[in-house]
> 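Take a look at the following structure, please.
Chain A is the first sequence line, chain B the second, and so forth, proteins listed ahead of strands; every chain is numbered from 1. The structure displayed is predicted, hence computed values, not measured ones.
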2 protein chains.
Amino acid sequence: MLSKETLTKLFPDWEVGLYDAILNEAELKEAKAGTTLLKMGQNIKSAMLVVEGTIKLYQEDENGGEYFMYHLNPGEACAVTLVCNYHHEQSQVLAKAVTDIQYLAIPIEFMEKWLNEFKSWHYFVIKTYRSRYEELLKTINEIAFKNMDERLEFYILKYVKQFGTIVNLTHQDIAKDLNTSREVISRLLKKMEHNGWIIMNRNSFDWIKK
Amino acid sequence: MLSKETLTKLFPDWEVGLYDAILNEAELKEAKAGTTLLKMGQNIKSAMLVVEGTIKLYQEDENGGEYFMYHLNPGEACAVTLVCNYHHEQSQVLAKAVTDIQYLAIPIEFMEKWLNEFKSWHYFVIKTYRSRYEELLKTINEIAFKNMDERLEFYILKYVKQFGTIVNLTHQDIAKDLNTSREVISRLLKKMEHNGWIIMNRNSFDWIKK
DNA sequence: ATTTTAGTGTGATATATGTCACCCAATTAA
DNA sequence: TTAATTGGGTGACATATATCACACTAAAAT
């Protein structure tokens, strides 16, 4: 069950009334690792705040391509679901649970209301947009200017920062996230192994650079 | 001189006090077409609201590469300059005036203050972030999934939407914005000419597709 | 224990784009 | 008027990445 204490830890900057509003209106949901939480074009019916676990956010194209953009961690919210008007109701991103997760689902009709009622909610929304905007800028920088080897390193570093140096991903997983092919990733990882940046195992490798 | 009337037209959703605050605290500045208004890494000392003209926003990399992301028009604000805390003071984007422009410069010390004082400012900031976030998503979609011919078409369409079907850009201009080389753009435009999508002239072409 | 599947390695080749070299034509400067 | 500059066209080639084909091995399923 969700306690005010948990909320206080996750969202330390909120005002008291907002915790109550969450307790009254939000539903605490769970999802298994691997679940797709939000698809491109899907109608948004509730805002998503992460309580436990990690979510990965992707840009998705018409032909099933995906590009990984950033992680969402406990205390963070999915920006696109914080809809503050009724014009935008379609998701423009793909969201997947990477671990088992718990999240708060808040019906979007409260978004407008809470913006009026709670100053700390207002700040939270701005902070969320701002930080996600920055993540997107980094992503654009990578794709627009970097070759695949650098993008792969950047990708691995994001993983390592989240989960530690043992990278439990197959080459195919990585290839999908970077919208390239498995062979390309295999070859680049081999090169990293030669350079002494990683130690490779089946299904995983260890990032030991520096 | 800046009048309350002008402000009302540009920012119809604001509350009255906010217009007064702008009139008291903002400086109306001008810049010639081509001026760089904001560079990557530059300290942000004021928020930028467009009054007249058009600004182009770019992602910039260490080696001088640029990638065009979106336009800012009158009534719109540069999201990165709407700093609401003092941790982020470095610009992560490059902003250039494409036409002669007028803009409001608001010292960033008012950002925090106005968020507290004016509800309509708060909404304005959120709306700004939200719409820019969406632009970045589109940009990522283009770079991550599309070939240069499609990206060029998308680029031209953004121009056409802003300025009309006569595209007054050299191949070199376009190449720079898409972080590619002039020859590539020349060849793709030639192909579009063959397809009957454009009529080419020196220094410009006319987009006649459909 | 044997078969199947998933993960990986690697050569060969295709394609998109980047780079270089050079040309020509139009415009601008001298 | 002539020279210089800018914009554009195009072949040749380099490079990064995508794609195909196939082999090998560890793990999982039977």
Side-chain angles (χ1 to χ4, degrees), chain A residues 33-34 61-68 140-156 159 166-207, chain B residues 33-34 61-68 140-156 159 166-207:
Chain A
D61 88 338
E62 317 84 48
N63 315 314
E66 298 177 0
Y67 200 92
F68 170 60
I140 290 173
N141 196 279
E142 288 299 305
I143 324 179
F145 304 123
K146 308 274 167 80
N147 288 341
M148 198 51 85
D149 53 349
E150 297 176 274
R151 284 158 61 189
L152 176 57
E153 185 176 352
F154 184 71
Y155 175 88
I156 295 172
Y159 184 98
I166 310 283
V167 179
N168 282 300
L169 295 170
T170 68
H171 301 182
Q172 183 59 64
D173 292 335
I174 301 174
K176 208 175 176 210
D177 281 5
L178 293 175
N179 194 45
T180 179
S181 63
R182 199 259 319 158
E183 297 92 319
V184 170
I185 299 300
S186 290
R187 288 183 175 122
L188 292 174
L189 285 177
K190 192 114 288 254
K191 210 178 283 178
M192 290 183 172
E193 191 182 32
H194 284 146
N195 294 344
W197 297 5
I198 60 176
I199 294 168
M200 289 194 50
N201 304 296
R202 192 187 177 79
N203 287 333
S204 76
F205 56 87
D206 194 358
W207 180 257
Chain B
D61 88 339
E62 318 83 50
N63 314 314
E66 298 176 0
Y67 200 93
F68 170 59
I140 290 173
N141 196 279
E142 288 299 305
I143 322 180
F145 304 123
K146 309 274 167 79
N147 287 341
M148 198 52 86
D149 54 349
E150 298 176 274
R151 285 157 62 187
L152 176 57
E153 185 176 352
F154 184 70
Y155 176 89
I156 296 172
Y159 183 98
I166 309 283
V167 180
N168 282 299
L169 295 170
T170 68
H171 301 183
Q172 184 58 65
D173 292 336
I174 300 173
K176 209 176 175 208
D177 281 5
L178 293 175
N179 194 45
T180 180
S181 63
R182 199 258 318 158
E183 296 92 320
V184 171
I185 298 301
S186 290
R187 287 181 177 125
L188 292 174
L189 285 177
K190 191 113 290 249
K191 209 178 283 179
M192 290 183 172
E193 193 182 32
H194 284 145
N195 294 345
W197 298 5
I198 60 175
I199 294 168
M200 291 194 47
N201 304 296
R202 193 187 175 78
N203 287 336
S204 76
F205 57 86
D206 193 358
W207 179 257

> Would you kindly give the CG-to-P distance between A:Leu188 and C:dT8, to the nearest whole Å?
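Spelled out: CG on A:Leu188 to P on C:dT8 is 14 Å.
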> Among A:His171, A:Lys191, A:Gln172, which residue satisfies the side-chain hydrogen bond (donor to acceptor under 3.5 Å, both in side chains) criterion with A:Ser186?
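Single pass found, and it is A:His171.
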> Between CD of B:Glu153 and CE of B:Met192, what distance do you get to the nearest 0.5 Å?
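Here the rounded value is 5.5 Å.
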> Heavy-atom nearest nucleotide on DNA chain D for A:Asn203 versus A:Ser181: which residue maps closer to 5'?
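Upstream on the strand: A:Ser181.
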> Heavy atoms from C-beta onward define the side chain here; which of C:dT10, D:dT10, D:dT17 lies closest to that of A:Arg182?
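For the A:Arg182 side chain, the nearest candidate turns out to be C:dT10.
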> What is the distance from CE of A:Met148 to P of C:dG18, rounded to the nearest Å?
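The answer, rounded to whole Å, is 14 Å.
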> Does B:His171 have a side-chain nitrogen or oxygen under 4.0 Å from the phosphate oxygens OP1 or OP2 of D:dT6?
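No, outside the criterion.
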> Check the distance between D:dT17's C1' and A:Leu189's CG and give it to me in whole angstrom.
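A:Leu189 atom CG is separated from D:dT17 atom C1' by 15 Å.
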> Working to the nearest 0.5 angstrom, can you tell me the gap between B:Ile166 CD1 and B:Ile198 CD1?
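So the gap between those two atoms works out to 11.5 Å.
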> Base of D:dG8, side chain of B:Arg187 - is there a donor-acceptor contact under 3.5 Å?
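There is none.
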> Let me know the distance between CE of B:Met192 and P of D:dG8, rounded to the nearest Å.
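For the pair B:Met192 CE and D:dG8 P, the rounded distance is 15 Å.
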> Quick one: is D:dT6 close enough that its OP1 or OP2 comes under 4.0 Å of any side-chain N or O from B:Thr170?
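Answer no for this pair, as no side-chain N or O of B:Thr170 is under 4.0 Å from OP1 or OP2.
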> Looking at the side chain of B:Lys190, which of D:dA16, C:dT19, D:dT10 is the nearest nucleotide?
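Of the candidates, D:dT10 comes closest.
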> Taking the side chain from B:Asp173 and the backbone from B:Thr170, do they hold a donor-acceptor pair closer than 3.5 Å?
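Between the backbone of B:Thr170 and the side chain of B:Asp173 there is a qualifying donor-acceptor contact (under 3.5 Å).
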> Tell me whether the side-chain N/O atoms of A:Thr180 come closer than 4.0 Å to OP1 or OP2 in D:dA18.
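Looking at the OP1 and OP2 atoms of D:dA18, one of them is under 4.0 Å from a side-chain N or O of A:Thr180.
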> Between D:dA18 atom P and A:Gln172 atom CD, what is the distance in whole Å?
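Distance check: A:Gln172 CD to D:dA18 P gives 13 Å.
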> Given atom CD1 of B:Ile185 and atom C1' of C:dA16, what is their separation to the nearest angstrom?
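The distance from CD1 of B:Ile185 to C1' of C:dA16 comes to 13 Å, rounded to the nearest Å.
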> Write down the distance between CG (A:Asp173) and C1' (C:dA6), rounded to a whole number of angstrom.
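Distance check: A:Asp173 CG to C:dA6 C1' gives 11 Å.
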> Would you say the base of D:dA27 and the side-chain of A:Arg202 have a donor-acceptor pair closer than 3.5 Å?
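Answer no: no donor N or O sits under 3.5 Å from an acceptor.
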> Using atom CG of B:Asp149 as one end and atom C1' of C:dT15 as the other, report the distance to the nearest whole Å.
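Rounded to whole Å, this separation is 12 Å.
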> Walk me through it: do A:Asn168 and A:Tyr159 pass the test side-chain contact (heavy atoms from CB on, under 4.5 Å)?
CA-CA 9 Å; A:Asn168 282 300; A:Tyr159 184 98; 3.7 Å; yes
